[in-house]
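Beneath this line is the structure, given in C-alpha cells, with notes to follow.
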Amino acid sequence: MCGMASAESTQASVHEREPVRPTTEDEVAAAGSELIGGPLGRRALLGSSWWSPVRVIALVAIGMFALGLVQKAPCYDGAWFFGASSQYTHACYSDIPHLYQGRGFADGLVPYFDRLPGDMQYLEYPVLTGVFMEVASWLTPGSGTIQYQEQWYWMVNAGMLMVCAAVIVVCVTRTHARRPWDGLLVALAPAAALTATINWDLLAVALTAAAMLMWSRGRSLAFGVLLGLATAAKLYPFLLLGPLMVLCWRAGRWREFGKALGGAIVAWVVVNGPVMLFAFEGWSKFYTFSQERGVDFGSFWLIMAQNSDDPLSTDTVNTLATLLMLVCCAAVAALALIAPRRPRFAQLAFLIVAAFILTNKVYSPQYVLWLVPLAALARPKWRDFLIWQACEVAYFLGIWLYLAYTTSGDAHKGLPTDGYHWAIALHLLGTLYVCVMVVRDIFMPDRDPVRRSGDDDPSGGVLDGAEDVFVLGPAARPRRHMADARFDGPAVEWGRPGPTGGSL
C-alpha cells in the first residue's frame, strides 16, 4: 500500500510540473498554431534551447509594440502638429507630445511645485506618473524646434513604455507557472498595441503585473509595496485590495493580507508624502480634477447626456457612479463568499477593475491596458479574449472617427454622434461579455480553463489550495459536485486533503 501511494504521489507531482499546452485544450490556439507548424507535440524538446516561453513571448510583445509605433507614424511625421483633425482621421493621437509643452516640461517647470500657464494650473497626474514624465523630459534635447523636441519626447517615452510592456508580459507569463503560453494573450493583444503610447498607463499596469507575480510566489509584502507604487502611478490598482481582503477572509489568511496592506500604504506614502507636504495644491490636482471632470468619452453616462434635454450635473453623476461602484464591490464580495469554490484572485481582480471601467464617467481608449493582463489570467481562452479585443479595437477606431467628425467643421469627416454611441455600446458589451464568462467560471469551476488543467489558484499565492474557514450560502454546506450536469468534461478536485482525507 505504501509503495502504491508513493507511486501515485510521484505521478501527481510529475503531472503538476508538466506545462499546459494551449494548443491541446483551446481550439482557437490549435487553429492559430497552424501558421507556425501546428500544435506542439508531446515529444517537443521544450527545455533544450534558448527559446524559452518567457523569451519568445517577450520578443513577440516587443514586436507588437513596434507595430504600434509604426501605426503612429502619420502623426509623428506631422499630424500631431498640422491640422486639427488629421491625427484623428489617421487614428494615431497621443497625449504625450502635446503635454510636453502643455504641462511645462519644455520650459523646465517642476511638476506639482510650479504653477502652469493656462487653464490647467498643475499637472493632473499621480506623482509616480509625473516622475516618469519628468525623467523622460530630462532625456529630451532642449534645443531645436518645439516640434523636434516633442517628437523626441514621444520617442523617449515610447522606449520607456516598451520596457514596461516587456515587464508586463514576463510577469503574466511567470504568474501561472504551468501556463506560460497564456502570456501570448497579452503579447498579441491588438488593442494593447494600438493604445500603448497614447498615455502613460503602462507604468501602473507593469507595477500591478509585478505585484500579481509577487503574490503568486507568496511574497505578500513585496506585493503590497509594488501595488502601492502602482497606485502612486494610477488610481485603479488599489481596487485589487478589496477582492484580496475577501479571499483572505474566506481562507483565514489575515496575516498575509495585513502585510500586503501595510506594504501598499507605506509605499504610497513614501512616494506621495514629500509632494503632499511641500506642494499640496499641486499634489491634489489629480484628485480634484477627477472629481470636477464632467461626463466624458466612452461611458454610458455620455450616451445618456447626449440623448437628454436636461443632462445630469457632474455632482449627480459622481454620486450615482460611486453608488454603482459600491454595489459592484458588494456583489464581488458576495460572489467571493458564496461561490462553491473560492474564486481565483485573478478572476476577482478582473471583475473589480472591469466594474470600475463600466461605471466610471469616462473611458479613455488606453484604459483597456488595465484589463489585458488581468483578462489573460482570469479567462485564458482565446475565443473570448479575441471577441473582447475586437470590440475594443472597434471602439479605438470609433472614438477617433468621432473626434474627426467634430473637428472637421462643415466637412463632417468621420463618425457622427449616433455612430459613436454604437461604438461605446460595443465596448461596454465586450467587457460585460468577459465578465459574464468569468462569473460563470466561478460558479461552475469545471468550465474554468485554469482549474480544468488541474490547478486551484496559481495566482493566489498562499490562497492556492488553502482550506476555507468562512463561507456563506450553499458553499457553507457539505461539498457536493457542483458541475453542470450537461458538461461532459473531467471533474475537478481542489485544495489540500482535509482531516477526513477528502478534497476541500
Side-chain angles (χ1 to χ4, degrees), residues 25-26 175-176 179 182 185 212 215-216 239-253 325 327-358 371 373-381 383-385 387-388 430-487 489-495 503-504:
E25 64 173 28
D26 190 306
T175 296
H176 288 180
R179 303 183 60 92
D182 289 343
L185 290 164
M212 295 283 290
W215 182 262
S216 74
L239 294 170
L240 272 62
L241 290 170
L244 186 63
M245 181 189 72
V246 181
L247 292 173
C248 288
W249 182 11
R250 178 163 174 165
R253 300 288 183 168
M325 185 60 193
V327 169
C328 291
C329 290
V332 170
L335 180 63
L337 294 176
I338 68 174
R341 171 60 190 165
R342 185 174 57 250
R344 294 189 290 110
F345 178 34
Q347 291 176 317
L348 295 192
F350 174 85
L351 290 177
I352 201 69
V353 176
F356 181 72
I357 283 176
L358 291 170
L371 286 178
L374 298 177
L377 296 173
R379 177 68 181 169
K381 192 75 172 176
R383 180 201 63 187
D384 299 333
F385 190 86
I387 289 172
W388 169 56
T431 305
L432 282 171
Y433 171 74
V434 182
C435 290
V436 169
M437 301 306 293
V438 171
V439 171
R440 189 193 69 169
D441 288 346
I442 290 173
F443 280 113
M444 294 185 287
D446 285 321
R447 293 181 178 269
D448 180 358
V450 175
R451 284 181 165 156
R452 286 184 65 186
S453 301
D455 290 318
D456 176 38
D457 187 3
S459 63
V462 296
L463 302 171
D464 187 22
E467 300 179 15
D468 289 333
V469 299
F470 179 80
V471 290
L472 296 174
R477 305 189 187 107
R479 172 188 284 277
R480 293 185 300 172
H481 184 57
M482 301 296 291
D484 189 337
R486 295 170 297 174
F487 178 64
V492 178
E493 299 292 340
W494 314 281
S503 176
L504 294 176

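Throughout, residue positions are numbered sequentially from 1 according to the sequence presented.
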Between W388 and F350, how do the two ring planes meet: parallel, tilted or perpendicular, split at 30° and 60°? perpendicular
I need the L244 CG to M212 CE distance, nearest 0.5 Å. 9.0 Å
Interatomic spacing from CG in L358 to OG1 in T431 - rounded to 0.5 Å: 5.5 Å
Sole residue of V246, L335, V438 in side-chain contact (heavy atoms from CB on, under 4.5 Å) with L348: L335
What closest approach, in Å, do A349 and L374 show between heavy atoms, and which atom pair accounts for it? O-CD1, 3.8 Å
Please report the closest heavy-atom contact between P380 and A376, naming both atoms and the distance. CB-O, 3.3 Å
Taking every non-hydrogen atom, the tightest pair across R342 and D456: NH2-OD2, 4.4 Å
So, for A375 and F385, which heavy atoms are closest and what is the spacing to 0.1 Å? CB-CE1, 4.1 Å
Nearest 0.5 Å, what's the OG1-CH2 distance between T175 and W215? 13.5 Å
Check: R379 main-chain N/O paired with D441 side-chain donor or acceptor under 3.5 Å: no
Correct closest heavy-atom pair for P445 and P340 would be CD-CG, 4.3 Å
Non-hydrogen side-chain atoms of R447 and K381 separated by less than 4.5 Å: no
Hey, are S453 and R179 close enough side-chain-wise for a donor-acceptor pair under 3.5 Å? yes
Quick one: do F356 and M325 satisfy side-chain contact (heavy atoms from CB on, under 4.5 Å)? Show the steps, please. CA-CA 6 Å; F356 181 72; M325 185 60 193; 3.8 Å; yes
Applying side-chain contact (heavy atoms from CB on, under 4.5 Å) to I338 and V471, what does each step give before you reach the verdict? CA-CA 6 Å; I338 68 174; V471 290; over 6 Å; no
Drop me the distance from I352's CD1 to Q347's CD, to the nearest 0.5 angstrom. 14.0 Å
Interatomic spacing from CG in L463 to CZ in R250 - rounded to 0.5 Å: 11.0 Å
Any donor-acceptor pair under 3.5 Å linking the side chain of D464 with the backbone of D457? yes
For A355 versus C328, what's the shortest heavy-atom pair and its separation? CB-CB, 3.7 Å
Would you say the side-chain atoms of R344 pair up with the backbone N or O of L377, donor to acceptor, closer than 3.5 Å? yes
From CZ (F345) to CG (L247), nearest 0.5 Å: 7.5 Å
If only atom types and distance count, is the side chain of W249 paired as donor or acceptor with the main-chain N or O of F470 below 3.5 Å? no
